[in-house]
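Presented below is the structure to which this report refers.
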Amino acid sequence: MKSKNYNANYLNYVSQIAPKTNEIRSLLRAFWVGGVICTLGQFIRFSLEMLGLYGDVLAGTTSIVLIFIGSTLTGIGVYDRIGKYAGGGSIVPITGFANSVVSPAMEFKSEGMIYGLAAKMFVVAGPIIVYGVISSVAVGLVYYIIGLFV
């Protein structure tokens, strides 16, 4: 009986002190900031296409430029402010992935190049990379097995 009362009291306390969020405003901010980031990526792609790049080279170069921009904005502290304003709209594009790699590396750089920077760089992004590789191998195996019977 006492644990239910403690839980109810705790939940009541948390609801009183937790900041109230405006879901509609948060969704609109995420939508337009994510859209601006993707539009910037499309502009970079069109610009590189005008320079004569095409195919995989065009896609790779566009990704590299966006990762560079995201990493640079993280390094100078701008991407964190964008993230606080836009929420999920800033983490979905490739620039958000760059931010998730650079942020822990910057936070732990005082611990040295090996134990700080190199070891902590993939704290956030590491599980995403591992899950992505495992998933792609699993999907590849499924396609391979299906190909054997078709």
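Note that this is a predicted model, so its numbers are computed, not measured.
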* Spacing of T74 atom OG1 and I67 atom CD1 [to the nearest 0.5 Å] -> 11.5 Å

* **N99 and D80: CA distance, side-chain angles, deciding distance, side chain to side chain contact (heavy atoms under 4.5 Å, CB included) verdict** => CA-CA 8 Å; N99 178 48; D80 293 336; 3.9 Å; yes

* **Side-chain (Y79) to main-chain (S90) donor-acceptor, under 3.5 angstrom** => yes

* Looking at A98 and S71, what are the two nearest heavy atoms and their distance? -> CB-OG, 3.7 Å

* Side-chain donor or acceptor of S15 paired with backbone N/O of N12 under 3.5 Å -> yes

* Locate the shortest heavy-atom distance separating R45 from A59; write the atom from each residue and the value. => NH1-CA, 4.1 Å

* ILVMFWY cluster, L51 and V57 together (side-chain gap under 4.5 Å) -> yes

* Mind checking whether R25 and L28 have side chains closer than 4.5 Å, heavy atoms only? -> no

* Asked: What distance do I64 atom CD1 and I94 atom CD1 have between them, rounded to the nearest 0.5 Å?
  -> 9.0 Å

* To do: Answer yes or no: does atom CD1 of I24 have more than 12 heavy-atom neighbours from other residues, nucleotides or ligands under 6.0 Å?
  => no

* Structure fact -> Exactly one candidate in D56, T62, T61 meets side-chain contact (heavy atoms from CB on, under 4.5 Å) with L58; the answer is T62

* To do: Kindly compute the distance separating CG (L27) from OG1 (T21), expressed to the nearest 0.5 Å.
  => 9.5 Å

* **Same cluster (ILVMFWY, side-chain, under 4.5 Å), F68 and I37** => no

* Asked: Quick one: does S136's side chain have a donor or acceptor within less than 3.5 Å of a partner on V133's backbone?
  -> yes

* Would a hydrophobic clustering, with Ile, Leu, Val, Met, Phe, Trp and Tyr connected at side-chain separations under 4.5 Å, put I82 with I44? -> yes

* Those residues that, when tested against F46, pass side-chain contact (heavy atoms from CB on, under 4.5 Å) (two or more places apart) -> Q42, E49

* Asked: Same cluster or not: are I76 and L40 linked, directly or through other Ile, Leu, Val, Met, Phe, Trp or Tyr residues, by side-chain heavy atoms under 4.5 angstrom apart?
  -> yes

* Asked: Looking at side-chain heavy atoms only, is the closest gap between L73 and T95 below 4.5 Å?
  -> no

* Asked: Y85 and I91: same hydrophobic cluster, using ILVMFWY side-chain contacts below 4.5 Å?
  -> no

* Could you give the distance from SG (C38) to CZ (F43), rounded to the nearest 0.5 Å? -> 15.5 Å

